[in-house]
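Just below is one structure, and these are the notes that go with it.
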Amino acid sequence: WSMPAPLIQQTADVTVTGRVTDEKGSGLPGVTVMLQGTSRGTSSDADGNYTLAVPGGEGTLVFSFIGYQTQQIPVGNRSTINVSLVPDAEALEEVVVVGYGTQQKSLVTGAISSVRQEEIATVSSTRVEQALQGRTAGVTVLPASGSPGSGMRVRVRGTGSNGNAEPLYIVDGMRTGGIEYLDPNEIASIEVLKDAASAAIYGAEGANGVVIIRTITGNKGAPSTISYSGQYGVQSVRDRMDLMNAQQYAAYLNESSTAGTIPDPAEVAGVQGTDWLDELFETAPMQRHSVSFNGGSEKSSFLVSGTMFRQDGIVGGDRSRFDRFTVRLNSDHEIKSWLNIGNRLSYSHFERTGIQEDDEFGGVISNAILIDPLTPTLYTGALPAFVQDAIDAGHPLVRDAAGNYYGLSQYIRGEVGNPLAQLAITKGETVQNKVVGSLFADITPFEGFTFTSRFGIDAAFQRNHGWSPSFWFSSERLNTAASTFDTNENWFTWQWENYATYDRTIGSHHFTLLAGISALERKYNRLNGTSSGLFAEKDIFAFPDFTPDDNDRIAGTETSNTLESFYGRLSYDYMDKYLLNLTIRRDGSSLLPPGNEWGTFPSVSVGWVLSNEDFFPATDVMNYLKLRGSWGRNGSLSNLTLGQWAAVITSQGIRYPDGNGGYITVAEPAQLANPDLTWETSEQFDVGLDLGFFQNKLTLTTDYFVKTTKDLITPGTPPRFIGNVLPFVNGGDVRNRGWEFELGFNNDEHAFKYGAFVNLTTLDNEVTFLNPNVSRIAGTGVGTGWTATYFEEGFPIWYFRGYKTAGIFQTEDEIEQYLSENNITGYAPAPGDPIVVDVNGDGQISPDDQTFIGSPHPDLVYGGRITLSYKGFDFLAFIQGQSGNDVLLAFNRVDRPTANRPAFFYEDRWTGPGSTNSWFAPNTTSTFVYNSDLMLFDGSYARIRQLQLGYTLPNTLTERISVSNARFYVSLDDFFTFTDYPGLDPEAGSNDVNSLGIDRGVYPVPRKALVGLTFSF
Amino acid sequence: CEEDFLESEIPGRLPQEEFYQTDEDALRATAAAYDMLQAHYNWGWSSMYLVKTLLSDESNAGGSGPGDQPGYQTLDDYTFDSQNDAVLGAWSMSYYGIYRANQVINRVAPETDLRRRLIAEAKALRALYYLDLVSLWGGVPLIVADIPQSEYNTQQRASREEVYAQIEQDLTEAIAELPLKSTYGAGERFRFAKGAAQALLGRAHLYQEEWQEAAQLFDEVINSGQYSLEPEFSRVFSQQGEFGPESLFEVAYASDANYDWGNFPWGNGRNLESNIHIQLMGPRSDFYTKAPQDSLIGGWGFNTPRPELYQAFVEAGDTERRVNTIMSEEELEAMGGSWSEPNAYDYQGYFQRKYGSYSNQTSSEGGSIAELNYGTNWRLIRYADVLLMAAEAYYRLGDEARAREELNKVRQRTGLEEVTTSGTDLFNAIVRERELELAFEGFRYIDLVRWGLAAQELGPLGYMEGKHNLLPIPDTDVRTAGLAQNPGY
């Protein structure tokens, strides 16, 4: 890249070309080649070749590359300069980011996994969390939904709480509420602190693991560059489940003798009807662009970047869209030899529209499953009589833009509405502006000592605005007066960290000491309101200013809490052989009752680098061996809210009619006091082994961990006769344990380079203690009247509980035999019904017989990546999966028996003795079918996350247009999924922590076909 | 950092020890004890109303099928156990009400007339809650003060007699302080008046078969001049009849809370102002088409009447109360309405009209959804019941003339001929009159049990004497406090 030509050319440029190679003679791509003392420079191409115009052929070229010693070579009027770089032993040593500092990887005693920028630079995911999926052992990521912009559930080493178990996110040294505001292109590195000893420096908030993210920065003394990265993709739904067609639907309802208005199979013979899922899903575009400007002098560096991301939904198109823009300014300055200052500043803006999801009652996708296939999407001709009747009755039926009425079902009503009509009346958007930034100063008054002060804010301003037109689907789903809704929410967090590190080597003893204090305050406020009576049902009138004031309702609140902390760490090693880390943190939180605010969180970890011992055989095979062990204790505040411990009076939301058209004010004792309330505390024990073979071409890291989280915040269980609720007590323990393996292999010695990386985690989750006052804590309801998940000692967190079945009754004789053998009375199944097990042996089949039927947690999660490259071509395959978890098919409704169902309900049905012992005869109402293990399916899956083929143009070609490292790629993301789960998607989950693995009609994760381009100049 | 850096104020909440100081505090605190009745009789698919009603032979559970609110289904079928959520809800909310009454009784200093009256109201409410408990569960824990956490699991069930003694004491003290109904202003008629407390105390004595005390209290109500029967039975349960001359005590609901399908407080029944159980009990809208001139609109089809009840009205020649209590499918069709599914779950051809889903008791103005805004009050104590209880007490005392007199007042209002019988026939006439007059008001099951008629009347439905005459103590309290369970559970 050349500077713009000066006005007066003083000396002629001499073009210098050459090739940069490594110590073995292979071309080194990406090497920075600078003319010393100028900003003139370039970088080598994929083969190591470079070209640089040098004024007058004078000066010195500086070749620098991470991991290699920098070389300076005078030009001396030569036009060809080849250079071979020598590896820098020190720099080769990978550095990992830990809390409040960095550590050489070889000296790390904790369990830390790292993800580098190049691994996630071309992902198509909206969110950084999703990019973490499958990349490291011990981290599981479950999207709440496949809809654009939806949330993620990240678990480090299993689910450590019955409530919120999200890890703590530290971005550039500051705690952030989440990382949804980051574009993957802004990220330089991600470290996941998995064991307690690594996370203990974050004390009261580290119990669920810590994710440390560093954003990209400028490089001091490097040539200024402009980089562009972009991609465009088309999303579609994978092979999806079929629903019963019209004939199957009619047959199923008739064979099951379903009550109500049902179609006569004879009248629908040959009719396929509407395929609602086919009507609902569409292909949708997505695109991402980022530009960054990176430069620096010897004393200062800066990075300015901007990104944009837009994704439309495969359901609803622009009605479930996510748009995000981010801007970043990171700069670093050496003001004095003893003072560095800098800033990290990010602004992000997102706009999200969404459809109703994760809801077996009114969700768009669940309604597309439930609505009957005989209803047309639209009426283009004459209206059926029952539709005309509804219109005549004054009901505002939904119409499309052309004025045609959307189809109305005559078989299934209630909350079920035409899903296309629901999309048509979805009007709302969430807009968030967020600023996350920090300023810092590093003061180094003497060698080895650094004091850091860092002040940061995380401020988010969010508005949700929308309105609901008048509509009518049924007497139970309608809106008679168009209404608006607005919610303004603001979050503001400030944090101030002050810490000092002192690094000293005395003989063979190397110490690093860290001590610090921090304070933070989190504030939140909300102002929301509704109004109704729009002047006209149009977007421009959908604001409270344009509705009658009498119809306005307003609400709002504000709250804040504080955290104050002291922390320290000693890291010690003796001759890089014996390693020790001690950490302690003391935190005080205003969320806890007086006298209980403070907690102390210690940890210890040790390591032994056997390969540095004299007795370790010096072979070519194994070059590195380290044993690690750690123990530590961490807290979690995320399930505590202000004042949970206090006995208080409230009049919020309550009043009593005085019988005269008015209301009197009520003030109720809201809850009983619990002055003993304290944090959730996790204790974790970890042993690990790090191995390196063939000069670290092959590396293996393995860990075994046992993490026990105690004092979970569980519902208080005073006897009911006490007469008030005790909302929260510390009443549960959960244990996660498992093995983790990370195996990497890399060979880049030849033109054909290849690498493979595999990670694998086993997880075993069990509730080991529950307040003995309660047998089990009820989780989420499914449909009407079934609680499907529970929290109970001896079982995984929020396991599935329902009726257990043992096949299908084939004959009356078999039924009689079963009933008499088990002395069962009061239960009258028919052939084709499931054999329900009398679990409690009381001779009745009753709700008491519901029992453990499955777990939403995988036993095994894994990821694997293969990279190949030859000359300019590169190829990436990335697979991720899990096994051993169950998914509950929860969108069926026993209270809406005329609803449609997946086709396999019909195709696999029991049709007579001997036909099948695994699926029941047509049945639309039985709780023994729908609230049983028959609705539970193996949720194991393997998903090919990325199949990517790229080509980097040789710089010799692109140099003429001053462009370097131009790479094109095509990619298939999330394209292939292997699973036996018969629903829409085994992966997409739920927003609620106690609804893991419950499919209420999930928004599936779309598959994407992408093209991308990156280049810099 | 500053000294108070770790102190954060709790927005919108007042520490409990700072409350219960002023007259206004006392008013609001007492209102909380009334307010719990709203939820208690209405919320969470575990209402006291349906627990009492489904145990009777008046109706089936209904709904869409056996999986629709299993707690109600199993109550109706007598297959419920100690984990039944409706039983737990009714039990819990009784005690939530008692807790609130206790706070007023124990924390409000009786320094003004107003506060003395409010304490009396709280005592009457506490007695109301305990009378439900003792008549459904027998002896229960007698909680009249805050219990320290350390003593939660040392509480035991008091005897039935001890619970009744507390009820009697509370009501006796309340009666001394409470004003006459007529002295309350229009907006205060939801409050306990002297007559309501007397009637409740009479009911407590009646349930204990203390006939003399019961009769005397009913006499005081009858002679107070505060109450009378509505001339038209149809008016008693209408909106116009709310807090009318026949009303001694009602749970108030309102139809102006503007609920729609989006803002209805499903998850928090303590915030609820409308009576969602009316919607729950409306004819199942999947199959029901209302008659053009009728205001009974569709609902979710719970609490479907059994034919025997309709037949009982027919046999008694009682048309006025019948048409205001129950409607047959034939009558629906005769009016121009229809029912499309003869095999609908738990449907036997009849619709409930006493607490009917009438469109004129709800509101659909300004975006409100009619289904969610029923303002229908539950009538917990009304004058007709007082007269019939008086008749029963006098019958037991051997004063059959007086028994017939009170009985015939109720019959006269509905146009039935006077009862002239005596002995067992007279008692049976009282039984029948209570069945017809008080259908769907939650008395039938308790009456049958105390009369010893439950096995005979409810046996065919699954009732087992010695077990189902009491409800199970909820499993959670057996577990947390070691309470003794009732026999058979």
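A quick note: this is a predicted structure, and the numbers were derived from the prediction, not measured. Lettering follows sequence order; numbering is per chain, from 1.
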Would you mind reporting whether B:D286 and A:R896 have side-chain heavy atoms less than 4.5 Å apart? yes
Could you tell me which residues satisfy ring-ring contact (aromatic ring centres under 6.0 Å, His included) with B:Y152, sequence neighbours excluded, listed by chain and number? none
Which bit of B:F243 is near chain A, if near means a heavy-atom gap under 4.5 Å: side chain, backbone, both or neither? side chain
Whatever's closer than 4.5 Å to a heavy atom in chain B on A:F928 counts as neither
Rounded at 0.5 Å granularity, tell me how far CD in A:E668 sits from OH in B:Y96. 11.0 Å
Chain A: which of B:A344, B:A252, B:G367, B:G97 shares the most heavy-atom pairs with it under 4.5 Å? B:A252
Let me know if B:E18 has heavy atoms under 4.5 Å from chain A in its side chain, its backbone, both or neither. neither
Who wins among B:D81, B:D256, B:T74 for the most heavy-atom pairs under 4.5 Å with chain A? B:D256
With a 4.5 angstrom heavy-atom cut-off, is it the side chain or the backbone of A:T559 that approaches chain B, or both, or neither? both
Could you tell me which non-hydrogen atom of A:S590 sits nearest to which non-hydrogen atom of B:L6, and how far apart they are? CB-O, 3.1 Å
Is chain B contacted by the side chain of A:L478, its backbone, both, or neither, given a heavy-atom distance below 4.5 Å? both
With a 4.5 angstrom heavy-atom cut-off, could you sort out which part of A:A673 is near chain B: side chain, backbone, both or neither? backbone
When rounded to the nearest 0.5 Å, the distance separating CH2 of B:W91 from CZ of A:R720 is 11.0 Å
Highest number of heavy-atom pairs under 4.5 Å with chain B among A:N771, A:T258, A:T480 belongs to A:T480
Most contact-rich option vs chain A, by heavy-atom pairs under 4.5 angstrom, among B:R284, B:Q73, B:R270, B:M93, is B:R270
Take B:W45 and A:T784, measure what side chain to side chain contact (heavy atoms under 4.5 Å, CB included) needs, and give me the verdict at the end. CA-CA 10 Å; B:W45 320 129; A:T784 47; over 6 Å; no
What part of A:P594 gets within 4.5 angstrom of chain B, counting heavy atoms only: side chain, backbone, both, or neither? neither
Tell me, for B:V104 versus chain A, whether the close heavy atoms (under 4.5 Å) come from the side chain, the backbone, both or neither. neither
Part of A:R477 within contact of chain B (heavy atom distance under 4.5 Å): backbone
Which one of B:P342, B:A254, B:G298, B:G65 has the most heavy-atom pairs closer than 4.5 Å to chain A? B:A254
Which atoms of A:S483 come close to chain B, meaning under 4.5 Å heavy atom to heavy atom: side chain ones, backbone ones, both, or neither? neither
Can you tell which part of B:Y253 gets under 4.5 Å to a heavy atom of chain A, answering side chain, backbone, both or neither? backbone
What part of B:L37 gets within 4.5 angstrom of chain A, counting heavy atoms only: side chain, backbone, both, or neither? neither
Does a side chain donor of either B:W300 or A:E476 reach within less than 3.5 Å of an acceptor in the other side chain? yes
Going through the checks in order, is the side chain to side chain contact (heavy atoms under 4.5 Å, CB included) test met by A:T925 and B:Y345? CA-CA 10 Å; A:T925 54; B:Y345 175 73; over 6 Å; no
Need one label for A:L672: side chain, backbone, both or neither, based on atoms under 4.5 Å from any heavy atom in chain B. side chain
If you define the side chain from C-beta out and look only at heavy atoms, does anything of A:R553 sit under 4.5 Å from B:N258? yes
Using heavy-atom distances under 4.5 Å, tell me whether A:I722 contacts chain B through its side chain, its backbone, both, or neither. both
Nearest 0.5 Å please: distance from the CG atom of B:D35 over to the OH atom of A:Y663. 11.0 Å
Quick check on the interface: out of B:A370, B:P70, B:S82, B:P474, who has the most heavy-atom pairs with chain A under 4.5 Å? B:P70
Looking at chain B, which one of A:G533, A:A481, A:S474 has the largest number of heavy-atom pairs inside 4.5 Å, strictly under? A:A481
If you apply the rule side chain to side chain contact (heavy atoms under 4.5 Å, CB included), what do you find for A:F721 with B:L133, and how did you get there? CA-CA 11 Å; A:F721 59 73; B:L133 285 169; over 6 Å; no
Count the heavy-atom pairs under 4.5 Å between each of A:S846, A:G826, A:P718, A:P548 and chain B, then report the option with the highest count. A:P718
Distance from B:E341 atom CD to A:T898 atom OG1, nearest 0.5 Å? 10.5 Å
Given a strict heavy-atom distance threshold of 4.5 Å, which part of B:E24 is in contact with chain A: side chain, backbone, both, or neither? neither
Which heavy-atom pair separates B:F5 from A:E564 by the least distance, and what is that distance? CD2-OE1, 3.8 Å
When A:S475, A:S468, A:S651, A:S532 are compared by non-hydrogen pairs under 4.5 Å with chain B, the top option: A:S475
Applying a strict 4.5 Å limit to non-hydrogen atoms, the region of B:W261 in contact with chain A is side chain
To the nearest 0.5 Å, what is the distance between CZ on B:R191 and CG on A:D658? 9.0 Å
Answer with side chain, backbone, both or neither: which region of B:S92 has an atom nearer than 4.5 Å to a non-hydrogen atom of chain A? both
Least distance between heavy atoms, B:A32 atom then A:V666 atom: CA-CG1, 3.4 Å
Could you please spell out the steps behind the side chain to side chain contact (heavy atoms under 4.5 Å, CB included) verdict for B:R479 and A:S775? CA-CA 8 Å; B:R479 184 182 287 269; A:S775 51; 3.1 Å; yes
So which heavy atom on A:T261 is nearest to which on B:S340, and how close? OG1-OG, 4.2 Å
Given B:R189, B:Q69, B:E273, the one with more heavy-atom pairs under 4.5 angstrom with chain A than any other is B:E273
Contact between B:S8 and A:E521 at the side-chain level, heavy atoms closer than 4.5 Å - yes or no? no
Could you check whether any side-chain heavy atom of A:L642 comes within less than 4.5 Å of a side-chain heavy atom of B:P11, counting everything from C-beta outward? yes
Between B:Q16 and chain A, which part of the residue has a heavy atom less than 4.5 Å away: side chain, backbone, both or neither? both
Decide if atom CD of B:Q21 counts as having more than 12 heavy atoms of other residues, nucleotides or ligands within a radius under 6.0 Å. yes
Where does B:Y20 contact chain A at under 4.5 Å (heavy atoms): side chain, backbone, both or neither? side chain
Which atoms of A:S470 approach chain B - backbone, side chain, both or neither, heavy atom under 4.5 Å: neither
Proximity breakdown for B:A33 and chain A, heavy-atom pairs closer than 4.5 Å: neither
Which atoms of A:A646 approach chain B - backbone, side chain, both or neither, heavy atom under 4.5 Å: side chain
Roughly how far, to the nearest 0.5 Å, is the OG1 atom of A:T927 from the CG atom of B:D68? 11.0 Å
Determine the minimum heavy-atom distance between B:Q38 and A:R655, stating which atoms define it. OE1-O, 4.0 Å
Side chain, backbone, both or neither: which part of A:D895 has a non-hydrogen atom closer than 4.5 Å to chain B? both
Please flag which part of B:I98 lies under 4.5 Å from any non-hydrogen atom of chain A: side chain, backbone, both or neither. neither
